[in-house]
Structures are given as structure tokens and as C-alpha cells.
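Heads up: the structure comes next, in C-alpha cells.
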Amino acid sequence: GDEITDRSKLLVATAEFLTKRFRLDVRTRNEAIRIDRERKVVEIIDHATDRSYEQSYDKLILAPGASPLVVPMEGADATNVFTLRNVADTDEIRAVVDSGKVKQACVVGAGYIGLEMVEQLAHRGLKVSLAELRPQVLPPFDPEMVQPIVEELRKNDVAVFLGDGIQSIVTDGQGVATGVKLASGTTIEADLVLLGLGVRPNTRLASEAGLEIGSSGGIATNEFMQTNDPDIYALGDAAEYCFGPTKKRQRIALAGPANRAGRLAGQHAATDRSDPMADVLGTAIVRVFDQTAAMTGLTVKAAKGAGIDAD
């Protein structure tokens, strides 16, 4: 949307910066594919050379993150259907918008990323539609709290379809998406489709190594972010944290807790001591045009779902 004009400002630290500043051995395009806990080695593929090798460890920290959820459906592999997870995705979407061939966009999913994309695409002069399976935008919020956000979207000429999930992506004979068909039968015309359906934690590596996966689907950890193998730590979107209001461990996919957990896990791995990871309250804030929606802790909806009496 041209709010950030310098691309480098999207990158917290480059590999070169980390190597020079902290003398880290940074290996991009190297994928860990297997952990041998008994031998304390990680099997790695170097995608630049197709060479595989083993890297030994004393302590191992897993921060594999999460991947965008893509439901298997007709048309999902069309060339102009995108998900947004990283800067490379941003570059692809930006190139298509910059081509000048896109006039209409459909965003599927009214979570944080979906709403931010709606706003930025509208700023670029596109006709934007938003479709959400749930009967409200920002599904984690209590419904009455997000009504002003819906009004703000419509005030900015965004067509909002609520309680109507995606059934398929309509394509032409060349494998290009021309629109989105909703469960109700409504078809939304679009030259660009962005799927913001949520994320799935990348736990395969941990699971195959016999590390415990918690009840919320994240890698189970203790207060020092150790897994059931004390020499292996996990953090970020793939791990579980203690959620303050309920004292239960669950996935909380937010950057703030991930950053804090990374520092503490690194300290504990290096020295065998650190402060425990503080309870996470799940504070999240999103701007939508001239409105801002923010939450922390439990909504009434979540409290009642957890059996907690709340007003």
C-alpha cells in the first residue's frame, strides 16, 4: 500500500548483519529434515547445492513457525491466488498489483492479515471484496465489539460477505482465477485472490523426533520453553505458552511472546538458567482504515467457552 517505501525496513536483520555483528554461522536455504535425539544431530539439506549433511548439537532450539492454511479446493493452485506469510509473498503480490492488470481483489478470511490486506489493496485503488465464513469479522473478538469495523469497511467501499465461506475458486481455461464462489452460490469477480484462512503450526520435525505435542496442537513446553527433551527448546508460532487468564498452555501466534521466548530460551540453553517465560495474555492490535481494534486476555465468548463466568 506504499506506507512502507523502503523494502529493507521490512527486514529486522539480514544474514550478513547477523554474521558480522554477532559472528553467527547463518545458513539460509538450509532445511532441517530430521532430528536424531540419541546421537544429538540434525540432518540438513542445503538447497543451494542439494547436499545433505549432519550438524551436531549440545542444545537445540526449534522455531519453525507456522504455514498458511490452504484448504484443498478447486482452483486453489491458480497463478493469481496468494497467501501472505513472509516478504517473498509480499513481493509476489506487489508485482501483480504493480502490473496494473488487477482491478478487483477478493480477500477470503477476516482475521488480522485479511483485514490489513483489504485496507492496503483498497489504498492501491482496487475494488475489494471480503468473504468470511463466520458471521463476523475478527472471529476471536466478541461480536458487538467489531460492528464499527464492519461499518468502517463498508464506508470505504469494501463489499463484505459474512457467514458465507468459500466453496471454490473460479478459473478460466488458462488456470487463472477469475473469481470466488461462496457456499451460498454467490460469485465474487476478482483478478487477485488472497487466502487468509489462518495458519497451521509446523510441528512435523518435532513430532517425528518424538517430542510431545500439546492439546492445542503446538509443541509442548515448560516455563523455560524446554520440550520433553530438556536439551531441545521450542518457541514461536509452533510452540505452546501459558495463557494467563486460564493458566492453560496453548498456542498464541504473536510476535511479542515469540521474541521474548527466543531470548529466554537462548539464555537458558547457553547457561542453564533464565527467568521463566511470563504468562502470555494474547494482546493483539489491528488498524482498519480509520478504526483500530484491540484485545487482550479473554473475550466473554472465550471465557464462557472455558467455563468461566464473565460479564
Side-chain angles (χ1 to χ4, degrees), residues 65-69 71 83-85 107-119 130-156 158 160-166 182-183 194-201 203 213-221 223 235-261 277-311:
S67 298
L69 197 60
V71 181
T83 56
L84 175 58
R85 185 65 187 168
V107 176
V108 182
Y112 301 114
I113 288 178
L115 289 181
E116 291 192 330
M117 283 302 297
V118 163
E119 179 187 359
L130 173 66
E132 167 58 52
L133 173 63
R134 308 279 179 83
Q136 65 174 81
V137 299
L138 290 171
F141 284 63
D142 284 319
E144 70 277 13
M145 300 300 291
V146 297
Q147 196 53 40
I149 301 297
V150 177
E151 290 166 11
E152 184 73 10
L153 289 164
R154 289 182 171 142
K155 191 175 91 178
N156 284 275
V158 176
V160 182
F161 299 84
L162 299 175
D164 203 355
I166 183 171
L182 302 180
L194 185 108
L195 301 177
L197 303 175
V199 296
R200 178 185 286 122
T203 57
I213 304 300
S215 58
S216 72
I219 304 167
T221 58
E223 70 270 33
L235 52 100
D237 288 6
E240 290 188 332
Y241 299 94
C242 181
F243 183 46
T246 62
K247 299 298 180 186
K248 291 182 177 172
R249 297 192 80 77
Q250 66 182 64
R251 286 195 308 115
I252 302 166
L254 294 168
N259 194 306
R260 192 159 67 243
M277 177 67 183
D279 291 357
V280 177
L281 298 177
T283 306
I285 306 167
V286 63
R287 189 196 71 196
V288 184
F289 296 103
D290 291 331
Q291 287 278 11
T292 303
M295 67 178 291
T296 195
L298 286 169
T299 57
V300 173
K301 184 167 57 177
K304 289 184 173 169
I308 298 168
D309 193 25
D311 292 319

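- Nearest heavy-atom pair, A183 versus D164, reported as atom, atom and distance to 0.1 Å: N-OD1, 3.3 Å.
- Residues A131 and L182 share a closest heavy-atom pair of CB-CD2, 3.8 Å.
- In this structure the side chain of I213 reaches within 4.5 angstrom of the side chain of I219, judged on heavy atoms.
- M295 CE to D142 CG: the interatomic distance, rounded to the nearest 0.5 Å, is 8.0 Å.
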Test log, rule side-chain contact (heavy atoms from CB on, under 4.5 Å), inputs N156 and E119 = CA-CA 9 Å; N156 284 275; E119 179 187 359; over 6 Å; no

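- To the nearest 0.5 Å, the span separating CG on L298 from CG on L281 amounts to 9.5 Å.
- Pairing each heavy atom of A294 with each of I285, the nearest pair is CB-CG1, 3.7 Å.
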Should I149 and V286 be marked as a side-chain contact (heavy atoms from CB on, under 4.5 Å) after you check the CA-CA gap, both sets of side-chain angles, and the distance that decides it?
-> CA-CA 10 Å; I149 301 297; V286 63; over 6 Å; no

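- The backbone N or O of A66 lies less than 3.5 Å from a partner atom in the side chain of R85, making a donor-acceptor pair.
- Looking at every heavy atom in both residues, F141 comes nearest to T299 through CA-CG2, 4.0 Å.
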I would like to know whether L194 and L84 meet side-chain contact (heavy atoms from CB on, under 4.5 Å); could you show each step before the answer?
-> CA-CA 8 Å; L194 185 108; L84 175 58; 4.3 Å; yes

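- Here the closest non-hydrogen pair linking L197 and V108 is CD2-CG1, 3.7 Å.
- Between the K301 side chain and the P139 main chain, a donor and an acceptor come within less than 3.5 Å of each other.
- Side-chain contact between D279 and Y241 is absent, with no heavy-atom pair separated by less than 4.5 Å.
- Using a 4.5 Å heavy-atom cutoff, the side chains of R154 and V160 are in contact.
- Judged purely by atom type and a 3.5 angstrom limit, R249 uses its side chain to pair as donor or acceptor with the backbone of T221.
- In this structure, L153 and L115 have side chains that are in contact, with non-hydrogen atoms separated by less than 4.5 Å.
- Counting only heavy atoms from C-beta outward, the side chains of V137 and L130 approach each other to under 4.5 Å.
- Of all heavy-atom pairs between G236 and A258, the closest is CA-CB, 3.8 Å.
- The distance from the CZ atom of R287 to the CD atom of E116 is 8.0 Å, given to the nearest 0.5 Å.
- A salt bridge links E152 with K155: the closest approach of a Lys/Arg side-chain nitrogen to an acidic carboxylate oxygen falls below 4.0 angstrom.
- Using a 4.5 Å heavy-atom threshold, the side chains of I308 and T246 count as touching.
- With a 6.0 Å radius and a threshold of 12 heavy atoms from other residues, nucleotides or ligands, R260 has its CZ atom above the threshold.
- With a 4.5 Å cut-off on side-chain heavy atoms, L195 and I166 count as touching.
- Tested against S216 for a side chain to side chain donor-acceptor pair (under 3.5 Å), the candidates R251, Q250, E240, K248 yield a single pass: E240.
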